[in-house]
Amino acid sequence: MPELPEVAGLAEFLDGHLRGTVLEQVQVVSFAVLKTADPAYTDLYGRAVTGVRRFGKFVCIDTGGLSLVFHLARAGWVRFTDSPSNSELRKGKGHIAVRLSFSGEAGGHGMDLTEAGTKKSLAVYVVRRPQDVPGVAALGPDPFSQEFDADTLAGILGASSQQVKGLLRSQSVIAGIGNAYSDEILHAAKISPFAIAKNLDRAQVQVLYDAIHSVLGTALAEARGKPPSELKDVKRSHMRVHARTGESCPVCADTVREVSFADTSLQYCPTCQTNGKILADRRTSKFLK
């Protein structure tokens, strides 16, 4: 699933290529992805793009009074081209869910929102303001916003009995962090994914705050300037523990371990994060004896 760094890189790329262009056509191939009916998506036709922004993991294409907002979910992505096709797409066929066509002084652009797999979660909204999207309205503070400082994080953690891994992934608590970067942040902070949030002391809170900014900041720098076709590989290339089960930890050379759940998994380093203890591979796990 694309997370804050990839979505930020994507929004920056789209802003640089689409700002000032005119949205000429929207083909909705899979109407299941369209979550709004008023305004109609056809109301976007002929509108100039005034900018592209990010809200958490949402991308917002602004057109002066109306916005097209999309969330790529787990298997969605963007395919961008400078040679757009105006051919009519067949409904319900292939991986393309929505096709957008833009015109501009320097030529046309095309953008497909695609989704692989059988579980469809890609979501598209046409709204008068981004906050009309429920998921955007419910977002917690962005890690790079002025309102998110170490004291804010301390308050969030101190009020929760949740495991810190799950808390970091909660979009209503902190916007933009998902499964992959929560693994990376906790590894950098040397904190167990099963640690209870309110039990972290102030020193650990500060280390976690610093890790959030260092891990996401590095990933943001890597993503900046990359086209959509390269962003996924950029994300994979700098992961230290996420999706590295069985490999050596680059910090201590211990073996990266995994805990699997019904529809997801996490990775961690026992030496760096759990004092060498192996976490049981079940949802309600405590440390194995």
Side-chain angles (χ1 to χ4, degrees), residues 1-5 7 55-58 71 73-74 121 133-145 147-217 219 239-245 256-289:
M1 175 184 292
E3 300 179 32
L4 187 155
V7 177
F55 296 88
K57 300 179 191 177
F58 292 85
H71 189 289
R74 178 171 292 184
S121 302
V133 177
V136 173
L139 287 173
D142 191 276
F144 292 100
S145 66
E147 64 187 277
F148 186 79
D149 56 19
D151 288 336
T152 301
L153 180 60
I156 290 170
L157 297 170
S160 176
S161 298
Q162 191 175 352
Q163 292 174 347
V164 67
K165 162 76 176 182
L167 191 66
L168 288 176
R169 292 183 61 192
S170 177
Q171 299 305 293
S172 63
V173 176
I174 303 173
I177 300 173
N179 192 42
Y181 286 104
S182 57
D183 281 350
E184 295 298 305
I185 288 165
L186 290 170
H187 177 254
K190 299 185 182 300
I191 294 173
S192 168
F194 286 175
I196 300 304
K198 68 179 183 181
N199 291 343
L200 299 182
D201 61 32
R202 184 60 196 222
Q204 289 175 303
V205 171
Q206 184 64 53
V207 170
L208 181 60
Y209 177 81
D210 292 341
I212 289 172
H213 280 88
S214 64
V215 169
L216 295 180
M239 292 289 160
R240 292 187 163 201
V241 292
H242 182 74
R244 303 284 188 191
T245 304
V256 174
R257 304 280 184 157
E258 176 173 304
V259 178
S260 296
F261 304 108
D263 59 353
T264 188
S265 64
L266 64 83
Q267 287 79 41
Y268 69 100
C269 171
T271 295
C272 291
Q273 296 175 255
T274 61
N275 294 319
K277 297 177 181 178
I278 308 301
L279 298 175
D281 195 5
R282 58 183 181 274
R283 190 180 300 273
T284 58
S285 170
K286 296 184 182 297
F287 288 129
L288 286 175
K289 304 298 184 183

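- Between P143 and L4, some side-chain heavy-atom pair lies under the 4.5 Å cut-off.
- Crowding of D151 atom CG: a count of heavy atoms from other residues, nucleotides or ligands under 6.0 Å exceeding 12.
- Residues that satisfy the side chain to side chain contact (heavy atoms under 4.5 Å, CB included) test with E3, not counting sequence neighbours, are P5, E6, K57, A180, Y181, K235.
- Rounded to the nearest 0.5 Å, atoms NE2 (H242) and CG (L186) are 12.5 Å apart.
- Evaluation of the salt bridge (Lys or Arg N to Asp or Glu O under 4.0 Å) test over residues 158-167, restricted to residues two or more places apart or in two chains, returns K165-D183.
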One pair to check against side-chain contact (heavy atoms from CB on, under 4.5 Å): R257 and L279. What are the steps and the verdict? CA-CA 8 Å; R257 304 280 184 157; L279 298 175; over 6 Å; no
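- Identified under the ring-ring contact (aromatic ring centres under 6.0 Å, His included) test for residues 148-172, with sequence neighbours left out: F148-Y209.
- Separating the SG atom in C272 from the CZ atom in R240 is a distance of 9.0 Å, to the nearest 0.5 Å.
- The CG atom of N179 lies 6.0 Å from the OG atom of S265; values are rounded to the nearest 0.5 Å.
- T152 places none of its side-chain heavy atoms less than 4.5 Å from the side chain of E147.
- The shortest distance between side-chain heavy atoms of R244 and Q267 does not fall below 4.5 Å.
- V259 places a side-chain heavy atom less than 4.5 Å from the side chain of F194.
- For the atom pair CD1 (I174) and CG (L157), the distance works out to 7.0 Å, reported to the nearest 0.5 Å.
- No option in I191, V164, L208 other than L208 meets the side chain to side chain contact (heavy atoms under 4.5 Å, CB included) test with I185.
- When side chains are defined from C-beta on, L266 does not count as touching Q163, because their heavy atoms never get closer than 4.5 Å.
- For the pair L168 and I212, the minimum side-chain heavy-atom distance is below 4.5 Å.
- Note on ring orientation: taking the six-membered ring where Trp is involved, the planes of F58 and H71 are perpendicular (angle over 60°, cut-offs 30° and 60°).
- Put simply, the side chain of P193 reaches to within 4.5 Å of the side chain of Q273, judged on heavy atoms.
- Distance check, rounded to the nearest 0.5 Å: OG of S161 to CG of N199 gives 8.0 Å.
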